[in-house]
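Reading through the structure tokens given below for one structure.
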There are 2 protein chains.
Amino acid sequence: MAQARETGTLGKLMVLLDLVTHADTPLRFTDILARAGQPRGTLHRQLSHLVEEGLLELDGDGRYAPGLRLLDFAARSWARNEFRLVAEPHLSELQQATGETVHLGVLRGQSIIYLDKVEGRQPVRMYSQIGNASPCYCTGVGKAALSLLSRETLVDLLAGLSFTSFTASTHASAETLAAEIREIAEQGYAFDREEHEAGIRCVAAPVWSEDRTFIGGISVTGPAYRLSMELLRQWAVPVQLAAARIMEGMRVRLGPRR
Amino acid sequence: MAQARETGTLGKLMVLLDLVTHADTPLRFTDILARAGQPRGTLHRQLSHLVEEGLLELDGDGRYAPGLRLLDFAARSWARNEFRLVAEPHLSELQQATGETVHLGVLRGQSIIYLDKVEGRQPVRMYSQIGNASPCYCTGVGKAALSLLSRETLVDLLAGLSFTSFTASTHASAETLAAEIREIAEQGYAFDREEHEAGIRCVAAPVWSEDRTFIGGISVTGPAYRLSMELLRQWAVPVQLAAARIMEGMRVRLGPRR
DNA sequence: GCTGATGTTCCATTATTTGGAACTTAATTT
DNA sequence: AAATTAAGTTCCAAATAATGGAACATCAGC
């Protein structure tokens with residue numbers, strides 16, 4: 001999960017922040033002490049600094065939870081993201097056309113970070129999904145993104161993966177995954193056959209910016225009982241079309257050939 | 001905006017992160033240099049560290065933008081926020097009852113940070129508003145929150161405010177604001193009479209947790225042409241009721257008397 | 001009032017950050 | 001095309017901040 005050096009003042013603090021934000025529940029000082037492998041004095045000061053800065057919050061019971069300042073940072077990051085801004089209308093259109101949930105995600109390291117989500121019905125679970133980092137090897141968007149990588153980059157990335165079997169159909173080895181990615185690269189679209197979550201399928205297409213700042217994809221997702229593989233295959237075309245429009249929008253926005 | 005010391009390695013880096021995330025557009029190295037008041041060498045290394053950690057991103061044109069890792073942190077912070085989790089059903093109910101947009105916000109320093117938003121119609125602008133820091137002196141939620149503070153705390157906070165006149169009716173001095181806040185404290189609800197944005201009104205009620213971890217409020221917001229002051233006054237009661245239910249939920253959840 | 005568990009502070013040592021200057025690269029002008 | 005200026009990057013001795021072991025609090029339960 002950690003994507004950088006863990007040395008230097010900032011690096012160490014970010015490891016801590018990761019630890020606390022990724023926990024399921026607020027952590028006591030001792031919980032963190034056990035997991036962080038830092039001396040007590042050091043850890044205490046580090047946590048104090050994070051709290052001072054509003055990155056963590058310390059409740060009345062001495063438990064540490066993610067701080068609200070993180071929200072402020074993220075809201076701005078999200079609102080201004082060019083990729084998302086360009087993609088948004090096309091995502092809505094795709095949602096309208098299919099009636100199912102549409103996602104936009106980008107590859108960051110070994111994870112897919114979801115930048116946007118358009119749902120048809122109901123009071124949307126805001127933030128739910130958005131911002132979440134999901135594995136690249138078992139999501140439609142992830143596999144579509146991987147199909148864009150050069151052979152060498154892909155090999156390096158696959159080598160670093162550890163495969164968790166979320167369902168019976170999750171890829172469990174770099175070999176089978178690599179084979180599917182070759183296929184996806186040829187076809188131009190990818191499926192998620194209930195690989196991340198049982199009962200959930202999707203069809204995805206890769207999206208990239210010419211300068212390769214963004215390597216990602218879009219997908220249409222829904223319950224397996226409603227989305228036959230047959231239907232998903234039919235949707236591959238509109239999904240690819242939407243992807244093409246997003247890329248055209250990026251080209252116009254950022255200027256050609258950068 | 002900065003809410004803490006600006007010394008220490010982390011403090012200085014957070015000032016930078018603030019600077020870049022609050023800008024309207026990605027910044028070049030030189031832009032940041034001019035605003036940060038750091039020596040070139042120092043600034044360069046600081047930015048490099050932030051980029052290494054994924055907190056900032058450096059695009060092909062040498063411009064710094066907020067990094068996507070911020071989204072990941074925030075998504076978790078938001079998803080787990082107890083206040084939001086407890087409030088959510090009551091916000092939806094209030095939205096149903098009024099048909100207008102409902103907000104939940106907490107006071108952090110001099111700002112209101114919006115934790116949730118429930119809209120009735122249309123594909124929601126996700127993140128729009130959520131996570132955003134707004135001034136406390138010209139929002140319904142803000143004034144409701146201020147009415148909860150002790151006299152001393154309030155005086156200190158008001159002393160530090162600088163009043164920007166967003167509209168003709170925005171409070172322009174601590175005196176008029178203090179007077180209204182006294183009134184709000186008695187009544188138990190607050191209005192925003194187009195003080196933050198022309199044509200937008202709201203009615204808000206304060207919400208707090210017993211341990212004072214959360215000092216905030218909820219509001220029903222809408223266009224002035226649809227929401228007469230008369231109507232808002234009628235809604236004060238259901239808003240206060242929803243606020244009471246949220247507080248009860250918090251009491252149960254966190255346990256009484258902490 | 002003792003005991004163990006948890007959390008906080010202290011300070012000499014150690015590691016990191018600092019910042020001025022030198023250096024490289026890109027853009028603009030002559 | 002050469003000269004000039006601006007923009008970005010690297011270096012390293014000096015200044016600063018972080019480290020971590022131990023001593024010091026605090027508190028719940030016995």
Side-chain angles (χ1 to χ4, degrees), chain A residues 2-20 23 25-67 211 213 254-258, chain B residues 2-20 23 25-67 211 213 254-258:
Chain A
Q3 55 191 19
R5 68 192 187 131
E6 296 182 3
T7 58
T9 309
L10 181 61
K12 291 174 219 159
L13 290 174
M14 295 313 282
V15 169
L16 270 186
L17 194 52
D18 239 351
L19 206 159
V20 176
T25 159
L27 297 176
R28 316 269 304 281
F29 179 83
T30 316
D31 302 330
I32 305 176
L33 184 60
R35 305 188 203 185
Q38 295 274 38
R40 299 155 76 83
T42 303
L43 181 67
H44 188 262
R45 186 182 29 73
Q46 289 172 330
L47 290 172
S48 302
H49 285 175
L50 289 169
V51 169
E52 273 182 71
E53 290 298 334
L55 301 177
L56 289 182
E57 295 188 1
L58 179 55
D59 69 20
D61 292 355
R63 292 177 314 199
Y64 291 87
D211 66 353
T213 305
L254 299 179
R257 306 245 104 250
R258 305 206 310 166
Chain B
Q3 54 192 21
R5 72 200 182 121
E6 296 183 3
T7 58
T9 308
L10 181 62
K12 291 174 218 159
L13 290 174
M14 295 313 283
V15 170
L16 270 186
L17 193 54
D18 238 352
L19 207 160
V20 175
T25 159
L27 296 176
R28 314 272 303 280
F29 179 81
T30 316
D31 302 330
I32 305 176
L33 184 60
R35 306 187 202 185
Q38 294 275 40
R40 298 155 74 82
T42 302
L43 181 65
H44 189 263
R45 185 182 31 73
Q46 289 172 330
L47 290 173
S48 301
H49 284 175
L50 289 169
V51 170
E52 272 182 73
E53 290 297 333
L55 302 177
L56 290 182
E57 294 189 1
L58 179 56
D59 69 21
D61 293 354
R63 291 176 315 198
Y64 292 87
D211 66 353
T213 306
L254 299 180
R257 304 245 106 253
R258 306 208 308 164

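Note: hydrogens, waters and symmetry copies are ignored here, and every other heavy atom, side chains too, is used. Just so it is clear: chains get the letters A, B, ... in the order the sequence lines come, proteins before strands, and each one is counted from 1.
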Sequence neighbours left out, what passes side-chain contact (heavy atoms from CB on, under 4.5 Å) with [X]? Give chain and number order.
X	value
B:Leu33	B:Phe29, B:Arg40, B:Leu43
B:Ala65	A:Arg80, B:Pro26
A:Thr30	none
A:Glu57	A:Leu68, B:Arg108

Rounded distance (nearest 0.5 Å) linking atom [atom1] of [X] with atom [atom2] of [Y]:
X	Y	atom1	atom2	answer
A:Leu50	A:Leu13	CG	CG	5.0 Å
A:Leu16	A:His49	CG	NE2	12.0 Å
B:Leu58	B:Arg28	CG	CZ	11.0 Å
B:Gln46	B:Leu56	CD	CG	11.0 Å

Whole angstrom value for the distance that separates [atom2] of [N] from [atom1] of [X]:
X	N	atom1	atom2	result
B:Arg28	D:dA6	CZ	P	14 Å
A:Leu43	C:dC10	CG	P	18 Å
A:Gln46	C:dG7	CD	C1'	16 Å
A:Leu27	C:dT6	CG	P	14 Å
B:Leu10	C:dT18	CG	C1'	17 Å
A:Leu16	D:dA18	CG	C1'	13 Å
B:Leu47	C:dG19	CG	P	14 Å
B:His49	D:dA17	NE2	P	16 Å

message: At less than 4.0 Å, is any side-chain N or O atom of B:Thr30 found next to OP1 or OP2 of D:dG8? Yes or no.
response: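 Looking at the OP1 and OP2 atoms of D:dG8, one of them is under 4.0 Å from a side-chain N or O of B:Thr30.
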message: So, does B:Thr9 get its side chain near the phosphate of D:dA18, meaning an N or O under 4.0 Å from OP1 or OP2?
response: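 For D:dA18, OP1 or OP2 has a side-chain N or O of B:Thr9 closer than 4.0 Å.
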What I'd like to find out is whether the side chain of [X] reaches to under 4.5 Å of the side chain of [Y], using heavy atoms alone.
X	Y	result
B:Thr42	B:Lys12	no
A:Tyr64	A:Asp31	no
B:Arg35	B:Leu27	yes

query: Using the C1' atoms of the five pairs at each end, what is the angle between the end axes of the helix from C:dG1-D:dC30 to C:dT30-D:dA1, to 10°?
result: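 Terminal axis comparison yields 40°.
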statement: Per-nt protein contacts along nucleotides 25-30 of chain D (heavy atom under 4.0 Å; B base, S backbone sugar-phosphate only, - none) come out as ------
Give me the distances for all protein-to-nucleotides 9-16 of chain D N/O pairs that come in under 3.5 Å?
from, atom 1, to, atom 2, distance (Å)
D:dT9, OP2, B:His44, NE2, 2.8
D:dT9, O5', B:His44, NE2, 3.2

